[in-house]
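This report concerns only the one structure given below.
Model, not experiment: these values are computed from the prediction. As the structure lists them, so they are numbered: ligands from 1, and atoms in each ligand from 1. In this chain, residues are counted from 1 in sequence order.
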Amino acid sequence: MMVGIVGKPNVGKSTFFSAATLAPAEIANYPFTTIKPNRGVGYVRSPCVCREFNVKDNPVNSLCINGMRLIPVELIDCAGLVPGAWQGRGLGNQFLDEIRKADALIHIIDASGATDLEGRVLKPGAHDPLEDVKFLEVEITMWLVNILKRDWAKLARTVESGGKDLLSSLEERLSGLTIKRSHIFEAVRATGLNPEKPASWSEEEFVAFVDNLRQIAKPMLIVANKIDLPHAEENLERLKNLNYMVVPCCAEAELALRRAAEKELISYTPGDCNFKINNPEKLTAAQIKALETIREKILLKYGSTGVQEAINTAFFKLLNMIVVYPVEDIEHLTDHQGRVLPDAYLVPYGTTAREFAYMIHTELGDTFIYAVEAREKKRIGENHVLKDRDVISIVSAKKRA
Ligand SMILES: Nc1nc2c(ncn2[C@@H]2O[C@H](COP(=O)(O)OP(=O)(O)O)[C@@H](O)[C@H]2O)c(=O)[nH]1
Ligand SMILES: [Mg+2]
């Protein structure tokens, strides 16, 4: 699963991306590196089960900082979008090539209204950020409309002559855009259009269908960035009236905190509502003042800088992912090397015990007999649906290599 960071130019996408992908100091030598200039590894944050089970863990595929599991996820910093991108304006084609791969979108907005639709700098309050929401919806929908329109007539004829059903035709057509069969199915149902008679859909119905498909296949949340600037707070309240989850954010503050934490000047875990200055004597008066302003104006007021919350919301709420810990020894919660709670997997809600076994290893799925859940120490069958923060041991017919 991959999440795209989108929006018009100059709203703070790259600042958000840099902050989100700056690895915590504890793992300076961690093997996760930037994949491409605009692709990187961020983290979702989930309370680790180590505290509840009262064990000291040895994380391998993830990190555990002060009882918080940080699990790596992939982020894309998409090119800035300007009106008309779907027709190839600006970096339109590059942008669209990037959101092709995204399962969900984080729409960064300059909540202070200090940038126009093209990203030019204005005074705070000069632009209405609600317009940006509409604009991005239109751009992405029109891009999809454009792709589908090219051979819609032909596709519709084939469907109506019984050649191939609509779901299969569209699935094939949209497979490169991270749009799944289930998304298409849902969009057909939501619009109430007849999937057997696509040639009879009006232009308006066709666009409504595509717009629905966009909402389902590319779910989006709004990050009200630059919350530190004038007018941002009142715009935040207005943004909350739209049909989106909205996270107030100061990407610049998160970047400053992570950089200070990287140098061990402060103790701060991404997503925390506070930080501790380690050695005040190593900081200038101006640096201390800047940090205290962040504490007072952002952290204490909004509960966090919003960067971590946005990533968590994207993966846990938009994409409905849960965290599952596989172990071999259910008594000691260890793997075959004796490491305690080594891995935390991010899996879709609805994953069954057997599907989970397949995610770990094909052979483990093939030879699955049953699983054991660590809290109740109960056996669970192959079709048992896993819950968030479950600790699971899989018993299989063959010992894993
Ligand atoms: N006041 C304020 N400025 C920010 C914030 N985030 C980013 N910026 C500034 O906004 C400008 C554009 O940021 P950038 O990340 O390059 O935007 P992008 O074009 O969307 O990638 C830069 O001058 C940033 O320092 C924020 O939370 N508050
Ligand atoms: Mg940028």
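- Taking the six-membered ring where the residue is Trp, Trp152 and Trp201 present tilted rings, their angle falling between 30° and 60°.
- For atom 4 (C) of ligand 1, the nearest protein heavy atom (residue, atom name, distance) is Glu252 OE2, 3.4 Å.
- Side-chain N/O atoms of Asp343 and Ser62 include no donor and acceptor closer than 3.5 Å.
- Counting protein heavy atoms only, atom 17 (O) of ligand 1 is closest to Gly12 N, 3.0 Å.
- In terms of polar-atom proximity, Pro9 is not counted as a contact of ligand 1, lacking any N or O under 3.5 Å from an N or O of the ligand.
- Protein heavy atom closest to atom 1 (N) of ligand 1, with residue, atom name and distance, is Asp228 OD2, 2.9 Å.
- The N/O atoms of Leu229, backbone and side chain alike, include none that comes under 3.5 Å of an N/O atom in ligand 1.
- The proximity of Thr15 to ligand 1, defined as any non-hydrogen pair under 4.0 Å, involves the side chain as well as the backbone.
- Residue Ile227 has no nitrogen or oxygen atom sitting less than 3.5 Å from a nitrogen or oxygen atom of ligand 1, judged on distance alone.
- Centroid-to-centroid, the aromatic rings of Tyr325 and Tyr345 stay 6.0 Å apart or farther.
- Legend: residues meeting side-chain contact (heavy atoms from CB on, under 4.5 Å) with Ser202, ordered by chain and number and at least two apart, are Glu204, Glu205.
- With a 4.0 Å cut-off on non-hydrogen atoms, Asn10 touches ligand 1 through its backbone as well as its side chain.
- Among protein heavy atoms, atom 16 (O) of ligand 1 sits closest to Ser14 CB, 4.2 Å.
- For the residue pair His183/Glu186, the side-chain donor-acceptor check at 3.5 Å is not satisfied.
- Donor-acceptor pairing under 3.5 Å is recorded for the side chains of Asp132 and His127.
- With hydrogens and angles left out, the side-chain atoms of Asn383 and Arg354 include no donor and acceptor closer than 3.5 Å.
- Between the side chains of Ser46 and Arg69, no donor-acceptor pair is found at a separation under 3.5 Å.
- In terms of protein heavy-atom proximity, atom 6 (N) of ligand 1 is nearest to Asn225 ND2, 3.2 Å.
- Given atom 10 (O) of ligand 1, the protein heavy atom at minimum distance is Lys226 NZ, 3.2 Å.
- The contact set between ligand 1 and Lys13, taken as ligand atoms under 4.0 Å from a residue heavy atom, comprises 15 (O), 17 (O), 18 (P), 19 (O), 20 (O), 21 (O).
- For the pair Arg258 and Tyr268, the NZ or CZ position fails the cation-pi test of under 6.0 Å to the six-membered ring centre and within 45 degrees of the ring normal.
- Taking 2.8 Å as the threshold, Ser14 counts as a candidate ligand of the Mg ion (ligand 2), since one of its N, O or S atoms lies below it.
- Inside a 4.0 Å radius of atom 23 (O) of ligand 1 there is not any protein heavy atom.
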